[in-house]
Undergrad: 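Below are the structure tokens for one structure; questions will follow.
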Amino acid sequence: MPGQKILCVAEKPAIAKAVAGHLAGGRLTTHNVLGSQYVKNYEFTYNFPLWGNCEVTMTSVLGHLTGLDFDSRYKNWRSCPPSQLFEAHTNVTIDQDKKAIAENIAQQARWSKVLFIWTDCDREGEHIGSEVRDQAIKGNSRIQVKRARFSNTEKNHVIQAARSPIDLDERQANAVAARIELDLRIGAAFTRFQTLSLQPLSAKLENQILSYGSCQFPTLGFVVDRYYRVRNFKPETFWLIKVVHKRDNIKVNFNWKRVHLFDRAAVTILFEQCLDSKLAKVTKVQKKPKSKWRPLPLTTVELQMQGSRYLRMNSHEVMAVAEKLYQKGFISYPRTETDQFARDMDLKALVRKQIQHQTWGQYAQSLIDGGFQQPRAGRNNDQAHPPIHPVNHVGPGALDANEKKVYEFVTRRFLACCSEDAKGEATDIEIELVPEVFHAHGLVVLERNYLDVYVYDKWESSQQLPQFKLGETFEPTEANMTDGKTTAPSYLTEPELIGLMDANGIGTDATMAEHIQKIKDRNYVQTRPKAGGGRNQVQEFIPTVLGVALIEGYDDVGLDVSVSKPFLRKEMELKMKAICEGRKSRREVVEESLEQYREVFVKTQRELDALKRSVTKYVVNEGRG
DNA sequence: GCAAGGTC
């Protein structure tokens with residue numbers, strides 16, 4: 001008969017359910033947790049090598065169990081000078097909506113010998129694990145604490161993890177604790193200071209929170225940066241030589257190897273020399289096979305970039321819809337950095353589920369009939385979740401318009417991953433019209449393969465090139481000198497913004513869309529459909545006068561490290577890493593960073609007039625001539 | 001009324 005009791009706790013209900021299912025082998029009972037809509041307790045027996053035959057309760061939390069906030073005496077914004085928030089007393093609290101979940105853990109811990117933690121194996125997961133541990137100890141101060149090391153919920157992998165528990169990584173939990181404290185203190189101090197000192201400048205700012213955050217400000221910075229580049233752009237005239245030759249009734253455009261030059265006299269001289277040469281000589285005729293690679297397995301960042309580019313939705317909407325599809329069991333977990341499928345995953349089974357689909361079912365069938373290829377593997381693996389993929393077929397009518405678009409994208413992407421690259425043949429012809437070189441490029445798409453299902457990628461055959469022989473000479477039909485102007489860059493688009501955030505470590509895959517939404521809600525930026533976007537209607541970002549005023553104001557303050565650039569956030573990331581590697585303690589990092597931000601704060605306070613001038617110039621005087 | 005990070 002089972003002796004000891006083991007309490008297992010996962011980061012989310014879906015993991016608890018999957019793990020319990022594998023360990024219980026079908027014999028388990030499910031109990032609702034009073035007061036929590038999503039969390040369930042699964043009970044079964046299991047024979048752990050380490051603890052023997054045990055009664056197991058497997059349950060979960062919903063992400064973080066606790067939050068950090070200032071002591072209630074600082075609740076009122078005027079209760080203290082904002083600078084005091086750098087050292088004000090804080091408390092760890094359990095949110096009202098998490099009370100029942102926390103109580104469940106304490107209750108279950110009371111009779112358990114061991115707490116076995118099954119949170120995701122990443123930094124945040126380690127911290128969530130420490131929150132769970134603290135809660136379990138409240139119910140049973142003598143409980144033993146272990147954690148499972150797992151990176152997916154395949155049966156064998158889960159069983160292996162149950163066999164070899166490890167310890168919680170205090171360092172990773174501490175790194176997150178440092179991040180939480182710094183974000184709170186710095187965010188609240190600057191937000192209150194900015195709002196209280198700038199709001200009185202104009203009635204337009206009434207009821208407007210002027211927030212600062214280590215992610216939202218650099219995000220705004222990217223938008224403003226591009227705005228300046230667009231605004232400060234001065235078109236430049238350039239000149240170029242174009243050669244055209246007509247053969248077999250095909251007009252071939254030869255492009256100048258120098259593309260264009262900004263010196264008219266120089267181009268004129270070269271052009272005249274070309275004309276003097278009269279005859280062009282073919283110096284290269286090359287045909288070579290060319291592939292267009294099928295896409296990599298889908299990550300969250302990629303879903304947001306491509307979604308905001310092709311689906312007429314913004315990244316925030318794409319994520320909200322993906323979350324819904326996940327909850328309904330149609331797609332896999334939508335927050336992942338992994339762009340490689342595990343070797344042992346049965347991808348063909350997933351392809352097979354799409355055969356019945358009326359639009360791409362036939363394509364899925366063709367993969368099963370021999371077209372299937374193992375997907376390319378990218379370089380990223382978060383060791384927690386597989387790439388985003390469809391897990392079940394969805395009948396027509398089960399989804400609303402936006403859900404349909406996202407599900408379609410995820411599925412087409414998945415099928416494309418399991419397909420062959422597109423194949424083509426490229427022709428390059430180079431001619432010399434002494435002293436200059438020109439070239440023409442042609443492409444014939446021979447096999448479309450993945451392109452047939454992945455309608456978002458375009459790869460088209462160009463006009464057929466006539467035959468040219470190496471070494472032959474001919475007199476070009478036309479040679480012209482023309483001019484043109486450089487064109488201004490365009491405003492930042494949503495996919496570009498997400499790409500910049502990703503490259504600079506601003507936010508996580510799960511929060512980038514929220515930061516973008518936040519700077520819209522704060523009236524720092526506006527979006528509009530980019531002109532000429534055609535069917536796709538990608539959004540472009542333009543800062544508001546308020547957004548420009550804030551960034552310019554801080555520039556005028558003359559800080560050593562700009563608050564609108566990604567450096568400070570990057571530094572915090574490095575410090576978290578230092579904690580994880582044991583090179584620094586949590587205290588050291590918090591003290592160091594607070595010291596650094598205090599300095600920025602003091603300087604900003606001292607130069608407040610610069611900030612006020614900027615806001616007055618843009619916001620208050622807006623529209624007066 | 002502040003942040004950013006989990007998840008529903």
Undergrad: Answer with base, sugar-phosphate or nothing: what part of the nucleic acid does A/G125 contact at a heavy-atom distance below 4.0 Å?
TA: nothing
Undergrad: Students often get this wrong, so: under 4.0 angstrom with heavy atoms, is A/Q216 touching a base, only sugar-phosphate, or nothing?
TA: sugar-phosphate
Undergrad: Side-chain N or O of A/T511 less than 4.0 angstrom from OP1 or OP2 on B/dG5?
TA: yes
Undergrad: Compute whether any side-chain donor of one residue and acceptor of the other, for A/T300 and A/R335, lie under 3.5 angstrom apart.
TA: no
Undergrad: Within the structure shown, what part of the strands sits under 4.0 Å from A/Q199 by heavy-atom distance: base, sugar-phosphate, or nothing?
TA: base
Undergrad: Which word best sums up how the rings of A/F330 and A/Y407 line up, parallel for under 30°, tilted for 30 to 60°, or perpendicular for over 60°?
TA: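 Judged by the thresholds at 30° and 60°, the geometry between A/F330 and A/Y407 is perpendicular.
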Undergrad: Touch check for A/R78, heavy atoms < 4.0 angstrom, all strands: base, sugar-phosphate only, or nothing?
TA: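 Here A/R78 touches no strand at all.
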Undergrad: A/Q194 near the nucleic acid: base, sugar-phosphate alone, or nothing, with a heavy-atom cut-off under 4.0 Å?
TA: nothing
Undergrad: So what does A/R185 hit on the nucleic acid, given a heavy-atom distance under 4.0 Å: a base, only sugar-phosphate, or nothing?
TA: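 No contact at all - A/R185 keeps every heavy atom at 4.0 Å or more from the nucleic acid.
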Undergrad: Are side-chain heavy atoms of A/V600 and A/V563 found at a separation under 4.5 Å?
TA: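 Yes, side chains in contact.
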Undergrad: Verify the contact: side-chain N or O of A/H515 to OP1 or OP2 of B/dG5, cut-off strictly under 4.0 Å; return yes or no.
TA: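 It does, given that an N or O in the side chain of A/H515 lies less than 4.0 Å from OP1 or OP2 of B/dG5.
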Undergrad: Do we count A/Y212 as stacking onto B/dA3 if the rule is ring centres under 5.5 Å and planes under 30°?
TA: no
Undergrad: With heavy atoms under 4.0 Å as the rule, sort A/F217 into base, sugar-phosphate or nothing.
TA: nothing
Undergrad: B/dC2 P sits how many Å from A/L210 CG, rounded?
TA: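 So the CG-P distance, A/L210 to B/dC2, works out to 12 Å.
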Undergrad: Want to settle it: does A/A189 or A/D509 sit nearer the 5' end of DNA chain B, counting the closest nucleotide to each?
TA: A/A189
Undergrad: Could you tell me whether A/D69 contacts a base, only the sugar-phosphate backbone, or nothing, with contacts defined as non-hydrogen atoms closer than 4.0 Å?
TA: base
Undergrad: On the nucleotide B/dG1, are OP1 or OP2 found under 4.0 Å from the side-chain N or O atoms that A/T191 carries?
TA: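 Looking at the OP1 and OP2 atoms of B/dG1, neither is under 4.0 Å from any side-chain N or O of A/T191.
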Undergrad: On DNA chain B, compare the nucleotides closest to A/F70 and A/Y333; which residue's is nearer the 5' end?
TA: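 Per heavy-atom nearest nucleotide, the more 5' residue is A/F70.
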Undergrad: How about A/R73 and A/S79: does a side-chain donor come under 3.5 Å of a side-chain acceptor?
TA: no
Undergrad: Quick one: is A/R569 getting a side-chain N or O under 4.0 Å of the B/dG5 phosphate, OP1 or OP2?
TA: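 For B/dG5, OP1 or OP2 has a side-chain N or O of A/R569 closer than 4.0 Å.
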Undergrad: At less than 4.0 Å, is any side-chain N or O atom of A/T508 found next to OP1 or OP2 of B/dG6? Yes or no.
TA: yes
Undergrad: For A/D120, report the nucleic acid contact type (base, sugar-phosphate, nothing); a contact means any heavy atom under 4.0 Å.
TA: sugar-phosphate
Undergrad: Return the orientation label for the A/Y212 and A/Y554 ring planes: parallel under 30°, perpendicular over 60°, tilted otherwise.
TA: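 Plane angle between 30° and 60°, so tilted.
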Undergrad: At under 4.0 Å between heavy atoms, what does A/T119 touch on the DNA or RNA strands: base, sugar-phosphate, or nothing?
TA: nothing
Undergrad: Within the pair A/K518 and B/dA3, is there a side-chain N or O less than 4.0 Å away from OP1 or OP2?
TA: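 For B/dA3, OP1 or OP2 has a side-chain N or O of A/K518 closer than 4.0 Å.
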Undergrad: Any base atoms under 4.0 Å from A/P82, or only sugar-phosphate, or nothing? Heavy atoms, all strands.
TA: nothing
